[in-house]
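To keep things clear, I will list the structure first and then write my remarks on it.
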Amino acid sequence: MFDPVIAPSATLLGLLQRGRGDGTLHALTAPRAEALAALNHCVLRDPRHDWQVENRSLYYARLYLDLSGELDEIERHLFDVEDTLDECESRTGLALAVLGHLASYGRRDALELLRRYAAVGTNWAWALDELALRDDDAGLRALAEPVLARFPADPEGEAALATAVRDAFEPRPWRLWADDPRAFVGTRVRGAQEAGSFDRWQRQMRPSGPRPGWSVQAVFDWAQQGIDRGAALHVPAARCLMAVAGPEDRAEIVAAARDGGEGARCTALRYLADGNDPEAPDLIETAVATGSTAVVDAAVDAFERMRSVAAVDRARGWAHRPDVLGAAAGRMLACRGGAQDSELVLGALREAVRGEGPDAPTLWTLVDGAGRLGIACAAPVLRHIYRETASSHLRGRAARALAATDPSFPAGFAVECLWDCEETTREVAARHAETGDARVVDQLRRLAADPAEEADVQTAVRSRIGPDMPAV
């Protein structure tokens with residue numbers, strides 16, 4: 001899947017793509033046709049950079065409800081001929097998840113679309129998972145034949161069926177079908193369940209990788225084998241060293257960290273850093289200066305995991321470096337520094353935004369650090385990140401940091417955060433949004449009554465409008 005093209009944050013489309021609360025508020029005041037066009041664009045062209053962790057489906061489903069939106073565009077997208085050519089589940093996953101939420105809100109047309117797609121669509125497993133949470137037993141039983149027809153009654157088909165049953169996210173349909181009295185349904189599904197269980201058992205009985213009885217060099221060799229075939233194994237290899245290595249092996253491990261092969265060097269650096277070895281910072285600095293890209297990445301990652309006072313002191317000395325180690329030092333101070341490090345963390349935050357923009361991966365840690373340290377001077381930068389980032393998770397972190405640093409947050413961004421796509425951001429808003437705005441009161445009550453809302457959000461809402469408190 002290609003990276004999505006995100007519209008400017010000042011446009012309705014850009015707001016909806018980002019999942020911002022202002023997107024919903026603007027859509028509800030825009031011409032309905034324009035709002036629906038932007039909404040359909042988002043649902044049919046997933047705007048998330050990481051669709052596996054960012055939330056949008058409930059956010060878009062609620063807007064379909066508010067706009068009384070038709071599902072014609074989603075139907076055309078699901079049953080387009082491209083569905084048979086593009087097997088990537090990200091093409092239809094967001095649309096199916098939106099339909100699932102709409103079905104839970106009582107939209108019968110969404111439920112029927114999910115049933116049709118589960119019967120004939122390429123991404124049928126996703127649709128079946130959505131139905132498993134919302135459909136009745138009769139609806140699920142009716143899908144047994146079309147779903148099983150996808151698997152030929154030959155060894156390859158039975159193996160594929162066993163894999164599908166074993167990997168199903170929601171087991172409810174398969175359990176219903178296992179009880180079906182028809183042999184070509186119940187017997188096949190029960191056989192697939194047994195085969196999947198046996199396959200899982202076999203894999204557990206044949207673990208691969210090093211054993212505690214291996215030598216230090218054997219672990220290094222295993223890590224290098226991973227490098228040779230394109231798999232980074234230095235992290236599990238370092239854990240294995242914890243079981244394999246003794247005090248007498250330290251000299252060998254330090255030598256590997258200084259000038260060993262790529263696999264051994266990455267493993268040794270991780271092992272020494274996790275043990276807070278006093279030589280680890282110097283070895284990490286040398287690795288950044290002389291190592292390959294993989295070694296540099298491993299060295300930086302190992303340094304950020306260190307917990308010692310000496311590592312934090314070293315970070316203070318490295319924070320001004322204009323390289324990856326300087327950036328890592330800024331992140332370490334954001335996580336483990338004290339109030340005296342506020343200027344260094346603020347400088348790292350500003351430099352990251354200037355150099356890499358509002359979506360830089362390093363910002364996640366730096367934004368958290370600005371909030372943890374209560375750096376009031378960071379509020380302008382945090383507001384910029386909040387507005388411009390395409391990552392709803394980073395925006396949520398910026399909201400939490402603003403709640404700790406910006407006195408204007410309760411009457412400002414906290415209000416729109418009540419409509420945000422991320423539940424953690426809505427929770428922050430529910431705890432901080434000023435209730436003088438009538439929109440805040442209405443939205444708090446809606447969130448408290450919505451069965452689709454997350455429990456943590458509803459708990460935060462009820463702390464503001466509980467039975468023992470005056471009405472807001």
Side-chain angles (χ1 to χ4, degrees), residues 2-10 14 17-20 47-50 53-54 281 284-306 311-402 404-406 413:
F2 295 103
D3 285 340
V5 176
I6 304 298
S9 62
Q17 286 177 316
R18 288 169 173 81
R20 278 182 56 182
R48 295 169 293 180
H49 283 283
D50 190 344
V53 299
E54 292 188 46
I284 287 169
E285 187 173 20
T286 300
V288 169
T290 64
S292 64
T293 299
V295 170
V296 170
D297 290 343
V300 169
D301 183 58
F303 173 67
E304 289 189 62
R305 290 174 54 83
M306 295 187 72
V312 175
D313 287 339
R314 188 65 68 95
R316 294 184 178 116
W318 288 344
H320 296 291
R321 292 176 56 136
D323 61 2
V324 293
L325 197 51
R331 292 191 294 272
M332 174 172 278
L333 294 177
C335 291
R336 300 181 184 91
Q340 70 271 30
D341 302 309
S342 294
E343 285 299 320
L344 292 175
V345 174
L346 178 59
L349 179 66
R350 288 170 171 166
E351 183 59 32
V353 172
R354 279 195 298 264
E356 301 179 63
D359 291 312
T362 191
L363 288 175
W364 291 51
T365 304
L366 295 174
V367 164
D368 286 349
R372 183 180 72 85
L373 296 172
I375 307 175
C377 294
V381 184
L382 294 171
R383 287 194 289 266
H384 172 75
I385 294 169
Y386 178 96
R387 292 188 190 97
E388 299 300 327
T389 182
S391 166
S392 55
H393 274 210
L394 178 55
R395 182 177 64 252
R397 289 170 180 255
R400 288 192 291 278
L402 285 167
T405 60
D406 186 2
F413 285 137

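Here, residue 1 is the first one in the sequence, and each next residue gets the next number.
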Sorted by first residue and then second, give each side chain to side chain donor-acceptor pair (under 3.5 Å) pair with at least one member in residues 363-381; sequence neighbours left out. D368-R397
Set of residues satisfying side chain to side chain contact (heavy atoms under 4.5 Å, CB included) with respect to A399, sequence neighbours excluded: Y386, F409, C417, T425
Mind jotting down which residue pairs meet the salt bridge (Lys or Arg N to Asp or Glu O under 4.0 Å) criterion with at least one end in residues 330-346? Sequence neighbours excluded, please. E304-R331, R316-D341
What is the minimum heavy-atom distance between I6 and P47, and which atoms define it? CD1-O, 3.4 Å
Given side chains that start at C-beta, do those of L363 and T389 come closer than 4.5 Å, heavy atoms only? no
Closest heavy-atom pair, V345 versus A370, reported as atoms and distance to 0.1 Å, is CG1-N, 4.4 Å
Within the structure provided, determine whether M306 and I284 are in side-chain contact (heavy-atom separation under 4.5 Å). yes
Here the pair of heavy atoms bringing A404 nearest to G371 is CB-O, 3.7 Å
Does any non-hydrogen side-chain atom of L382 lie less than 4.5 Å from one of D406? no
Closest non-hydrogen atoms of T405 and A401, given as atom of the first, atom of the second and distance, are OG1-O, 2.9 Å
Selection residues 312-346 - residue pairs positive for ring pair (Phe, Tyr, Trp, His ring centres under 6.0 Å), sequence neighbours left out: F303-W318
Going by side chain to side chain donor-acceptor pair (under 3.5 Å), name the residues that satisfy it together with E54, two or more places apart in sequence or in a different chain. R56, S392
Test item: R20 side-chain N/O and S9 main-chain N/O as donor-acceptor pair under 3.5 Å: no
Separation between CZ (R305) and CE (M332), nearest 0.5 Å, reads 10.5 Å
Ignoring hydrogens and angles, write down the donor-acceptor pairs under 3.5 Å from the side chains of residues 350-358, residues two or more places apart or on other chains.
residue	atom	partner	partner atom	Å
E351	OE1	R354	NH2	3.1

Taking all heavy atoms of V295 and all of A287, pick out the closest pair and write down the distance. CG1-CB, 3.9 Å
Spacing of I385 atom CD1 and L349 atom CG [to the nearest 0.5 Å]: 5.0 Å
Tell me the closest heavy-atom pair linking L373 and S342, and the distance in Å. CB-OG, 4.1 Å
Would you check if T362 and L366 make a side-chain contact, meaning some heavy-atom pair closer than 4.5 Å? yes
